[in-house]
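Structure, as structure tokens:
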Amino acid sequence: MKRIADQGRDGFYKGKTADLIVAEMKRGNGLITHKDLEEYQAVWRKPIVGEYKGYKVISMPPPSSGGVALLALLQSVEKYPLAQWGFQADSTVRAMVEAERRVYADRATHLGDPDFYRVPVEHLTSAEYNRSRMANVSLAKATPSDEVKASVFPGYESEQTTHYSIVDKYGNAVSLTTTINGSYGSCVWVHGAGFLLNNEMDDFSIKPGTPNMYGLLGGKANSIEPGKRMLSAMTPTIIEKDGKLKMVVGTPGGSTIITSVFQTILNVLEFGMTAQQSVSAPRFHHQWKPDRIDVEAKAIREDIRKSLEKDGYTIRQRGPIGRVENIVVLPNGKYQAGADHRGDDTAMGF
Ligand code: DON
């Protein structure tokens, strides 16, 4: 303390204290050197400022997650009558815990040193965002943490096959899927170029009877030949009625892309679902071989499952199928959007 009082930062990061720290490092096989100590700089950060019910809250910004998470928590519980429920009352505890679960899920993905990582502070501390984050909270039942994921904010890029659907205010529509076959493609990084090589070769049929990573079979039509393009299942789709835009839809999902788009279209045109319902509804899939229906949980009612199995269908339950993005134009010209809860998808701007 005396050395810091006399010499300021140099009383700690240089001279005797620094020597003692480095000696201690050597004794314990530590890593900190004189250079590390000399180079360390304390940084002045602008405090994070927000509001809770008219109170101004001033707290610590990144690299602490504290201020961001605190504001998010306060905004998340703002709508609940906590004072009326009372201190640590049943509902009070539930509301606070559900807020904490969601905020810490975002913390795990989005917070880090802002000198190294773009922390989406504005989104995480937006009252509107935190209100919407609590929209699916039930005070009657815990949300399993496995069902709570970090949100996705603009600027995010998927490392997988990706689909987006867009309509502008004039009705111009884009349905776009870009693909690789597996996460991170071939996992080969082109040194110095900033991108990975894909593994689209797997979408060719390497020989009759040998499936690709999605179990798809093929023959001569999709065999590997110089200059040939591999067969994709991408299904970016636009639907019109009497020359007017009706739907913009698509998804990743390998072999299940086609059947996911098929079901989503039927969900709207035949079963009267909203855009969100059409995307959220459980899906099933059959691709000839293997000869079975792959189903998401609750995709097929128990009595119907039994009847199908009796009549020769094999049914296998699997994890989520697809990540569909659907925009539906309503009869009054308004746009309705559905983003898939199976992934990290978002609908914006409508
Ligand atoms: O083009 C295709 O059909 C495949 N490359 C799609 C792969 C895919 O969607 C991976 N998704 N999760």
Side-chain angles (χ1 to χ4, degrees), residues 109 146-147 149-150 152 156-166 174-190 195-238 247-265 267 278-290 292-297 299 316-327 338-347:
T109 293
D146 280 345
E147 287 173 17
K149 298 201 184 90
V152 181
Y156 162 84
E157 251 186 90
S158 164
E159 76 275 9
Q160 248 289 357
T161 295
T162 302
H163 178 86
Y164 47 89
S165 299
I166 303 175
V174 175
S175 181
L176 191 147
T177 314
T178 63
T179 195
I180 51 179
N181 226 33
S183 286
Y184 296 95
S186 60
C187 301
V188 176
W189 173 260
V190 180
F195 55 85
L196 290 156
L197 298 180
N198 67 41
N199 60 341
E200 267 302 291
M201 287 301 284
D202 183 57
D203 264 337
F204 276 119
S205 166
I206 54 166
K207 61 178 178 188
T210 302
N212 81 345
M213 64 187 276
Y214 295 101
L216 289 168
L217 295 172
K220 181 142 181 41
N222 188 34
S223 64
I224 299 172
E225 289 180 61
K228 192 172 174 182
R229 287 169 217 263
M230 57 293 288
L231 186 69
S232 171
M234 289 185 285
T235 319
T237 302
I238 292 175
M247 268 176 81
V248 188
V249 60
T251 183
S255 59
T256 67
I257 291 176
I258 303 164
T259 53
S260 294
V261 170
F262 170 56
Q263 287 168 92
T264 308
I265 292 171
N267 287 348
S278 73
V279 164
S280 300
R283 302 188 186 110
F284 60 87
H285 169 79
H286 197 297
Q287 60 180 47
W288 174 52
K289 299 272 181 75
R292 63 169 189 241
I293 310 175
D294 281 336
V295 297
E296 290 185 324
R316 189 192 70 152
Q317 191 171 315
R318 55 160 277 177
I321 298 179
R323 292 176 168 199
V324 177
E325 321 301 346
N326 189 16
I327 301 172
D340 208 323
H341 66 270
R342 293 167 182 81
D344 41 19
D345 312 20
T346 26

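Because only heavy atoms are used, hydrogens play no part in the values below, and waters and symmetry mates are left out as well, while side chains stay in. Whatever order the structure lists ligands and atoms in, that order sets their numbers, starting from 1.
- Close contacts between ligand 1 and Gly254 involve ligand atoms 6 (C), 7 (C), 8 (C), 9 (O), 10 (C), 11 (N) [criterion: under 4.0 Å to a heavy atom].
- Heavy atoms of Ile180 approach ligand 1 to within less than 4.0 angstrom.
- For the residue pair Thr264 / Asn326, no side-chain donor-acceptor distance below 3.5 Å is found, with atom types taken as modelled.
- Residue Thr256 is tested with Arg283, His286, Arg318 for a side-chain contact (heavy atoms from CB on, under 4.5 Å); the sole match is Arg318.
- Put simply, the side chain of Gln287 gets close to the backbone of Gly215: a donor and an acceptor are under 3.5 Å apart.
- Taking 4.0 Å as the cut-off, Arg323 does not count as a neighbour of ligand 1 on heavy-atom distance.
- Among protein heavy atoms, the minimum distance from atom 10 (C) of ligand 1 is reached at Tyr214 OH, 3.0 Å.
- By heavy-atom distance, the residue among Gly253, Ala233, Gly182 lying nearest atom 3 (O) of ligand 1 is Ala233.
- Residue Thr179 has at least one heavy-atom neighbour below 4.0 Å for each of these atoms of ligand 1: 1 (O), 2 (C), 4 (C), 5 (N), 6 (C), 7 (C).
- If you run side-chain contact (heavy atoms from CB on, under 4.5 Å) between Met230 and each of Asp203, Thr179, Asn181, only Asp203 comes through.
- Scanning the protein heavy atoms around atom 2 (C) of ligand 1, the nearest turns out to be Asp203 OD2, 3.0 Å.
- Listed by number with element, the atoms of ligand 1 under 4.0 Å from a non-hydrogen atom of Glu200 are 5 (N).
- Atom 5 (N) of ligand 1 has as its closest protein heavy atom Asn181 OD1, 2.6 Å.
- Residues His163 and Thr161 bring no donor and acceptor atom of their side chains to less than 3.5 Å of each other.
- In terms of protein heavy-atom proximity, atom 1 (O) of ligand 1 is closest to Ser232 OG, 2.6 Å.
- Partners of Asp294 under the side-chain hydrogen bond (donor to acceptor under 3.5 Å, both in side chains) rule, at least two apart in sequence or in another chain, are Arg292, Arg316.
- For the salt bridge (Lys or Arg N to Asp or Glu O under 4.0 Å) condition, the pairs that include at least one residue of residues 216-231, sequence neighbours left out, are Glu225-Lys228.
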